[in-house]
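In what follows, a single structure is set out as structure tokens and then discussed.
Heads up: numbering here begins at 1 and tracks the sequence. Just so we're clear, the structure is a prediction, and the values are computed from it rather than from any experiment.
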Amino acid sequence: LYSRRTTMPEALKKADEVLQQAVQGITDLINVPALIYSDIFDVTGTLTDSNNTAINGATVSLTWNDGTSHTETETTDANGEVTFHRSAPTSITEYSFQLVYASTTNYNATTSSTVAKTPSKETTVLNVTSPINNSSISVGDSVTVSGSLVTDDNEKLSGKSILVKESGTTLTTLTTDSDGAFSGTLSGLTAGTHSLVIEFETDTYYTASSVNRTVIVTTAPVPTTLSV
């Protein structure tokens with residue numbers, strides 16, 4: 001780094017450059033998972049110096065924006081890692097995240113790159129308990145349609161419309177209750193085989209899901225009269 005001809009001002013400048021290299025070598029490796037509406041998640045990062053040595057006990061701030069700017073702080077652990085436990089997204093909008101390390105006696109301030117993520121809709125699961133597939137009824141009988149709508153982590157979805165369709169035409173609409181359950185009857189089916197689609201159509205926050213059921217409607221036997 002130095003030669004015999006290096007002057008004191010040059011040596012001081014070189015020392016500053018070495019320090020600056022160490023400062024610039026500090027890295028915040030930010031990790032933000034794929035976001036899903038109404039699911040909690042963690043934002044993590046790792047703080048190391050230019051020698052890749054963990055910086056523990058350091059205060060790191062997470063700045064995040066969902067249309068409004070927010071800031072919270074955590075401390076790095078023995079491995080230089082920091083974790084922010086974030087509450088679930090409440091809207092399908094872009095969220096941006098950035099880790100910030102403020103200047104200290106040993107290091108200047110540094111920031112991570114900004115990571116932008118938009119939450120995905122939460123996956124739904126439609127359970128249909130009735131009718132069973134290939135069930136058979138007689139002309140004039142009604143069909144009970146029942147089941148439940150939940151998310152893939154079993155959150156019950158209330159107030160959601162469940163459509164019963166045939167060939168794209170809606171035959172009836174049911175609504176889930178506070179337990180995510182729905183139930184109703186379908187009448188007026190003509191004789192023959194009916195391919196029903198029981199469906200929750202996608203909305204702002206949840207994906208669509210559907211179940212197919214075949215119902216066979218038979219004609220009632222014609223009474224025979226025995227004459228003597």
Exercise. When you look at L186 and L196, which way does the side-chain contact (heavy atoms from CB on, under 4.5 Å) test go after all the steps?
Worked result: CA-CA 11 Å; L186 179 64; L196 304 180; 4.0 Å; yes
Exercise. Hey, mind stepping through N212 and S195 against side-chain contact (heavy atoms from CB on, under 4.5 Å) and telling me if it holds?
Worked result: CA-CA 7 Å; N212 296 327; S195 298; over 6 Å; no
Exercise. Please walk me through it: do V145 and L174 pass side-chain contact (heavy atoms from CB on, under 4.5 Å)?
Worked result: CA-CA 9 Å; V145 180; L174 309 173; 4.0 Å; yes
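Using a 4.5 Å heavy-atom threshold, the side chains of V143 and R213 count as separate. Between E122 and D152, the closest side-chain pair of non-hydrogen atoms falls below 4.5 Å. Residues S209 and L149 have side chains in contact (heavy-atom distance under 4.5 Å, counting atoms from C-beta outward). Proximity of D42 to P33: side-chain heavy atoms (C-beta onward) are nowhere separated by under 4.5 Å. Residues E94 and T118 meet the side-chain proximity criterion, which asks for heavy atoms closer than 4.5 Å. Within the 4.5 Å cutoff, side-chain heavy atoms of I216 are placed close to those of T218. Residues L35 and F97 have side chains in contact (heavy-atom distance under 4.5 Å, counting atoms from C-beta outward). Counting only heavy atoms from C-beta outward, the side chains of E201 and L163 approach each other to under 4.5 Å.
For T151 (side chain) and T123 (main-chain N/O), no donor-acceptor pair under 3.5 Å exists by modelled atom type. A donor-acceptor contact shorter than 3.5 Å links the side chain of D49 to the backbone of N51. Under a 3.5 Å cut-off, the side chain of S130 and the backbone N or O of T144 do form a donor-acceptor pair. A donor-acceptor contact shorter than 3.5 Å links the side chain of T76 to the backbone of A58. Checking side-chain atoms of K160 against main-chain N and O of G180 turns up no donor-acceptor pair under 3.5 Å. In this structure, T176 contributes its side chain and G159 its backbone to a donor-acceptor pair below 3.5 Å. Using a distance-only test at 3.5 Å, with no hydrogens or angles considered, no donor-acceptor pair links the side chain of T111 to the main chain of V100. In this structure, the side chain of H85 does not engage the main chain of T83 through any donor-acceptor pair within 3.5 Å. Within the 3.5 Å criterion, the main-chain N or O of Y206 finds a donor-acceptor partner in the side chain of T202. Of the possible donor and acceptor atoms, none in the side chain of K165 sits under 3.5 Å from a partner among the backbone N and O of E199.
Between the CZ atom of F200 and the CG atom of L126 there is a distance of 9.5 Å, given to the nearest 0.5 Å. Rounding to the nearest 0.5 Å places OG1 of T93 at 15.0 Å from NZ of K117. If you take OG on S187 and CG on D141, they are separated by 10.5 Å, rounding to the nearest 0.5 Å. Taken to the nearest 0.5 Å, the CZ atom of F182 stands 7.0 Å off from the OG atom of S146. Rounded to the nearest 0.5 angstrom, N65 CG and T114 OG1 are separated by 10.0 Å.
Of all heavy-atom pairs between I30 and S113, the closest is CG2-O, 3.9 Å. Minimum interatomic distance between I132 and T129 (heavy atoms only, all atoms of both residues): CG2-O, 4.1 Å. Between D203 and K121, the shortest heavy-atom distance links the atoms O-NZ, 2.9 Å. The two residues P89 and P119 come nearest to each other via the heavy atoms CB-CG, 3.7 Å.
Hydrophobic cluster membership is shared by W64 and F41, with clusters built from Ile, Leu, Val, Met, Phe, Trp and Tyr side chains linked at under 4.5 angstrom. Under a hydrophobic-cluster definition in which Ile, Leu, Val, Met, Phe, Trp and Tyr are linked whenever side-chain heavy atoms come within less than 4.5 Å, directly or via other members, V197 and V215 are assigned to different clusters. A single hydrophobic cluster is seen to contain both Y95 and L99, as judged by linkage of ILVMFWY side chains at heavy-atom distances under 4.5 Å, directly or through other members. Under the 4.5 Å side-chain contact rule for hydrophobic residues, V128 and V125 do not share a cluster. Cluster membership check: L171 shares its hydrophobic cluster with I162, using side-chain heavy-atom separations under 4.5 Å among Ile, Leu, Val, Met, Phe, Trp and Tyr.
Residue K156 qualifies as open at atom NZ: its count of foreign heavy atoms under 6.0 Å is 12 or below.
The aromatic rings of Y205 and Y37 sit parallel to each other, their planes meeting at less than 30°, with 60° as the upper class boundary.
Partner of T44 under the side chain to side chain contact (heavy atoms under 4.5 Å, CB included) criterion, out of V82, N31, V32: N31 alone.
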